[in-house]
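Below: the structure, in structure tokens.
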Amino acid sequence: MLTPVPPADKSMEEIVSLCKRRGFVYPASEIYGGIRGFWDYGPLGTALKNNIRDWWWHQMVDCPPIGPDGDPVNILGLDSAIIQNPKAWEASGHVGGFNDPMVDCKESKGRYREDHVSVLVPTDGQGLSYAFVDDRSAAEKKIKRDAKRSVEEYTLTELPAIDVAAYPSIVAPEVKTAGTLTEPRAFNLMLDTYPGPIRDEDAKAYLRPETAQGIFLNYKNVLDTMRVKLPFGIAQIGKSFRNEVTPRNFIFRSREFEQMEMEWFCPPEEALKWYDFWKHERMKWWRSLGVAESNLIFRDHADDELAHYSKACVDVEYLYPFTAPNYGELEGVAHRGEFDLTQHTTHSKTKLDYFDQDLQVRLQKEGVDKDEIKKRSRYTPNVIEPASGLTRAVLVLLCEAFTPTPDRKGSDYVMQFKPKFAPVKAGIFPVVNKDGMPEIAQKLFRELRETMPVETDVKQSIGKRYARMDEIGTPFCIAVDGDSVTHQTVTVRDRDTTEQVTIGLDKVKAYLNEKLDA
RNA sequence: GCGGGUGUAGCUCAGUGGUAGAGCGUCACGUUGCCAACGUGAAUGUCGAGAGUUCGAAUCUCUUCACCCGCUCCA
């Protein structure tokens, strides 16, 4: 068995190079020089991604876990459009909140949101102005010390109200000299597009920055058409797009990526229970991918870190080679309260509440007052959202599986994917390309490929063929030898131990199926 | 966005102004009896892109693009 390698000792450069060399991930539009923040998934990367995606869907939608009270949970699938009515993004807060113009300071290298910067401007218009973000006293000190004037002679103005032409006379926060601020630049976090044959500003629409909103937009449809009761979930997997300021770290932060999100709708008083439930279910799921426990942690968000919509949030984090010894974000489980449904109710003028008939009946039995029942049985559900990156999951499995093998003669790397997620499940090789062996291998190959991705190869030495399979993480290699001809047996080689077992030719399929199911 | 680094074959890299290279990988043929064996042969490059200097540029200059590291940002 191979010794596990700590993520900090793995080289991203080697991982990226192996991904290219073996067809996992290519730089997007490489022949044109690439494009920042975009990546293409090659044949093996696509297979790996699909395997992870299918497992998520299987565990989330088709065969979800039993809930905290011992009842089966109900989650429905959805595939909403990438482009929605732009008003949806105003309601969600993405249009208003993330188009903030930023100013840079050439001196301090600081970057500030324009609307966060305040400026003390001399009321008489003579001399320099002094800017600050939080620390007004620092600006006042500069006034006394450098301008040698009284603070009373200045008027407080917000930076957005100041003309760019006046910037040269502004002393930026944290610096002493004036004129170091650049003009404000808009950072559009959403990519936009113009549906329709004519480019018309009024037709501007956005590529979704998250799949979640498509779920909220269809909450009422699902409720009206699918005979569901609270609590229930809606799950969706799909592409999202964000204008990341700095795409970095291979496929970790890219401008086009794929998400797996589930919105869990529940009565407000149950929200914390479900938050806790999904938090731990999600961690279980990540472990089920074959990720070592020690490489995964929870990180609870501090209150001041919480997004505008969120009441509580925890990240599942992974020990990426490029963040080590720190962990980096992988999945967020957020308690979104009723924020989203309320926002969309307000903006769309469509009721997105829930009439709880079970509660109505229960309250009637308890003899609760009629008006009280009416009031309490109609409410806006709370939402718990486990949201993870599918493309980040691919990255995690690539990093986790990547194992340099200096001890293994000739072989450089083994990708230790759990068999369930390996792009190729088995290689079928005649030990030599003669004496009836290739024919048997070909027959076995044709039989296995009916149900699973397998490869066969008759060229070159057997060792070389094993090593090639190791590098793409194929868990099993089946060698057809002389005994296959005389006794109808083959040997199955384990990728991680290189140990071999001899089994009957007719047992191969069952043997592999058992291992792949684990 | 800032600072630093890098860009030459699929991968790793050598090549500092004068004919485009190596190792590995890939392919073909031979060999083969379980771990990148061996032999012979072959293909593969607009030297990231564009412009300039020069008789001549992978090499010098400028611009640009991409990647890496550190800041910054990250609903």
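Chain A is the first sequence line, chain B the second, and so forth, proteins listed ahead of strands; every chain is numbered from 1. The analysis underlying the following values was restricted to heavy atoms, covering all of them including side chains, and did not include hydrogens, waters or symmetry mates.
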Lys/Arg cation over aromatic A:Phe476: A:Lys515, 6.0 Å, 45° cone: no

Please check the phosphate of B:C69 (OP1 and OP2 only) for any side-chain N or O of A:Asn249 closer than 4.0 Å. yes

Nucleotide B:C34, atom C1' - distance to CZ of A:Arg495 in whole Å: 19 Å

On RNA chain B, nearest-nucleotide positions of A:Gln460 versus A:Pro247: which is more 5'? A:Gln460

Any A:Lys464 side-chain nitrogen or oxygen under 4.0 Å from OP1 or OP2 of B:C35: no

Distance check: side-chain N/O of A:Lys434 vs OP1/OP2 of B:U31, anything under 4.0 Å? no

Ignoring hydrogens and angles, answer whether the base of B:G70 and the side-chain atoms of A:Arg248 contain a donor-acceptor pair closer than 3.5 Å. yes

What is the ring orientation for A:His335 with A:Tyr275, classed by angle as parallel under 30°, tilted 30 to 60°, or perpendicular over 60°? tilted

Give A:Gly37 one of three labels, base, sugar-phosphate or nothing, depending on what nucleic acid heavy atoms sit under 4.0 Å from its own. sugar-phosphate

Donor-acceptor side-chain pairing of A:Ser92 and A:Gln213 below 3.5 angstrom: no

Among the nucleotides B:G33, B:C34, B:A66, which one has an atom lying closest to any side-chain atom of A:Thr491? B:C34

Atom NZ of A:Lys20 and atom P of B:C11 are separated, to the nearest Å, by 4 Å

Out of A:Lys464, A:Arg22, A:Arg495, which residue meets the salt bridge (charged side-chain N to carboxylate O under 4.0 Å, His left out) rule with A:Glu471? A:Arg22

Using a heavy-atom cut-off of 4.0 Å across all strands, would you classify A:Ser461 as base, sugar-phosphate, or nothing? base

Would you mind classifying the nucleic acid contact of A:Phe429 as base, sugar-phosphate or nothing, using non-hydrogen atoms under 4.0 angstrom? nothing

Of A:Val431 and A:Phe250, the one whose nearest nucleotide on RNA chain B sits closer to the 5' end is A:Val431

Looking at every strand, decide which applies to A:Met437 at a 4.0 Å heavy-atom threshold: base, sugar-phosphate, or nothing. base

